[in-house]
Amino acid sequence: MLSLRSVSASYGSSEVLFDIALDVGAGEVVTFLGRNGMGKTTTIRTIMGLMKPLSGHITFKGEDLDGLPADRVARLGIGLVPEGRQIFTALTVRENLVATAANRLGRDNPWTLARIFALFPRLDERQAQNGATLSGGEQQMLAIGRALMTNPDLLILDEATEGLAPVIRAEIWRCIETLKQAGQSILIVDKNLAVLERIADRHYVIEKGRTIWSGTSADLARDRAEVHRHVAF
Ligand SMILES: Nc1ncnc2c1ncn2[C@@H]1O[C@H](COP(=O)(O)OP(=O)(O)OP(=O)(O)O)[C@@H](O)[C@H]1O
Ligand SMILES: [Mg+2]
């Protein structure tokens with residue numbers, strides 16, 4: 001579904017990505033792991049068309065994404081839950097969910113408010129509440145709900161559980177598992193190896209802008225010590 005080959009990118013003269021390789025197949029849950037500042041968010045920005053790659057190739061559903069503007073990439077069916085959530089703080093929960101809702105790909109059984117509220121009962125109880133007044137966990141759930149309302153073929157989550165209480169994290173992981181069972185393709189940036197080893201199919205580790213390890217969850221269990229060294233702080 002998504003494929004990155006030898007992708008490099010820079011901010012001005014400072015090169016941040018050197019050699020990123022990554023694949024997400026249909027229905028797969030894949031993680032993208034690495035310490036702070038290694039280039040995970042930059043890679044996602046490059047996939048989303050928010051930055052132009054210096055070199056390399058990015059394809060999505062067989063189409064070349066290289067150089068496509070961000071709105072086109074989103075319309076092809078990639079839904080992003082960005083780092084820092086970035087919900088619309090002046091809008092209510094319900095307004096956030098409908099603001100960007102679309103079924104451009106003509107999906108059967110598209111996401112509705114009712115389905116989002118069934119997935120996240122906390123949002124149901126707070127439909128009329130302003131985005132700014134939600135807790136961090138509720139904002140994160142709203143950011144996920146908002147991305148789902150675009151009915152994406154691929155959902156990308158950038159640090160969706162960062163800074164959240166364990167009980168809220170668990171709720172988000174439960175949601176990811178539900179989405180996986182429904183066949184949703186998902187790319188996850190996170191640092192919770194133990195949970196991800198259980199939930200995800202495959203994993204990539206990035207260090208200083210290069211993909212340095214990749215494997216299945218079984219490979220990860222075998223190489224746990226090595227991977228942990230590259231991912232833990
Ligand atoms: N707008 C920017 N201008 C210049 N350099 C940047 C910019 N954004 C990020 N960088 C640098 O690019 C490198 C990679 O940053 P990036 O945000 O991709 O890392 P990350 O792996 O997502 O880290 P984290 O886990 O902390 O979110 C870092 O050295 C960072 O300082
Ligand atoms: Mg980041």
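Both ligands and their constituent atoms are indexed starting at 1 by order of listing.
- Put simply, the side chain of Asp201 gets close to the backbone of Val29: a donor and an acceptor are under 3.5 Å apart.
- The shell of residues lying under 4.0 angstrom from ligand 1, judged by heavy atoms, includes Gly37.
- Arg5 and Asp23 are joined by a salt bridge, as a carboxylate oxygen and a charged side-chain nitrogen come within less than 4.0 angstrom of each other.
- Taking 2.8 Å as the threshold, Thr41 counts as a candidate ligand of the Mg ion (ligand 2), since one of its N, O or S atoms lies below it.
- Heavy-atom proximity to Glu159, at under 4.0 Å, picks out these atoms of ligand 1: 25 (O), 27 (O).
- For the pairing with Leu155, the side chain to side chain contact (heavy atoms under 4.5 Å, CB included) check across Ile78, Thr150, Leu80, Leu179 returns one residue only, Leu179.
- Using a 4.0 Å cut-off to heavy atoms of Thr42, the atoms of ligand 1 that qualify are 14 (C), 15 (O), 16 (P), 18 (O).
- None of Leu54, Ile20, Leu17, Leu4 except one satisfies the side chain to side chain contact (heavy atoms under 4.5 Å, CB included) rule with Thr46; the exception is Leu17.
- For atom 30 (C) of ligand 1, the nearest protein heavy atom lies 4.0 Å away or farther.
- In terms of protein heavy-atom proximity, atom 24 (P) of ligand 1 is nearest to Asn36 ND2, 3.5 Å.
- Across all non-hydrogen atoms, the minimal contact from Glu15 to Ser8 is OE2-CB, 3.6 Å.
- Atom 25 (O) of ligand 1 has as its closest protein heavy atom Lys40 NZ, 2.7 Å.
- The part of Lys191 lying near ligand 1 is the side chain, judged by heavy-atom distances below 4.0 Å.
- Under a 4.0 angstrom heavy-atom cut-off, Gly34 registers as lying outside contact with ligand 1.
- A salt bridge does not link Arg202 with Asp219: none of the charged nitrogens is closer than 4.0 Å to a carboxylate oxygen.
- Of all heavy-atom pairs spanning Ile144 and Cys175, the tightest one is CG2-SG, 4.3 Å.
- In this structure, the protein non-hydrogen atom closest to atom 9 (C) of ligand 1 is Tyr11 CE1, 3.4 Å.
- In summary, Glu159 places no N/O/S atom under 2.8 Å from the Mg ion (ligand 2), failing the contact criterion.
- Contact annotation: for Arg45 versus ligand 1, there are no heavy atoms closer than 4.0 Å.
- The shortest non-hydrogen separation linking Lys40 to Phe32 is CA-CE2, 3.6 Å.
- In terms of polar-atom proximity, Thr43 is not counted as a contact of ligand 1, lacking any N or O under 3.5 Å from an N or O of the ligand.
- Residues Ala160 and Gln140 come closest through the heavy atom pair O-CG, 2.9 Å.
- Note: no N/O pair closer than 3.5 Å links Val16 and ligand 1 by distance alone.
- The shortest N or O to N or O distance between Thr41 and ligand 1 is below 3.5 Å.
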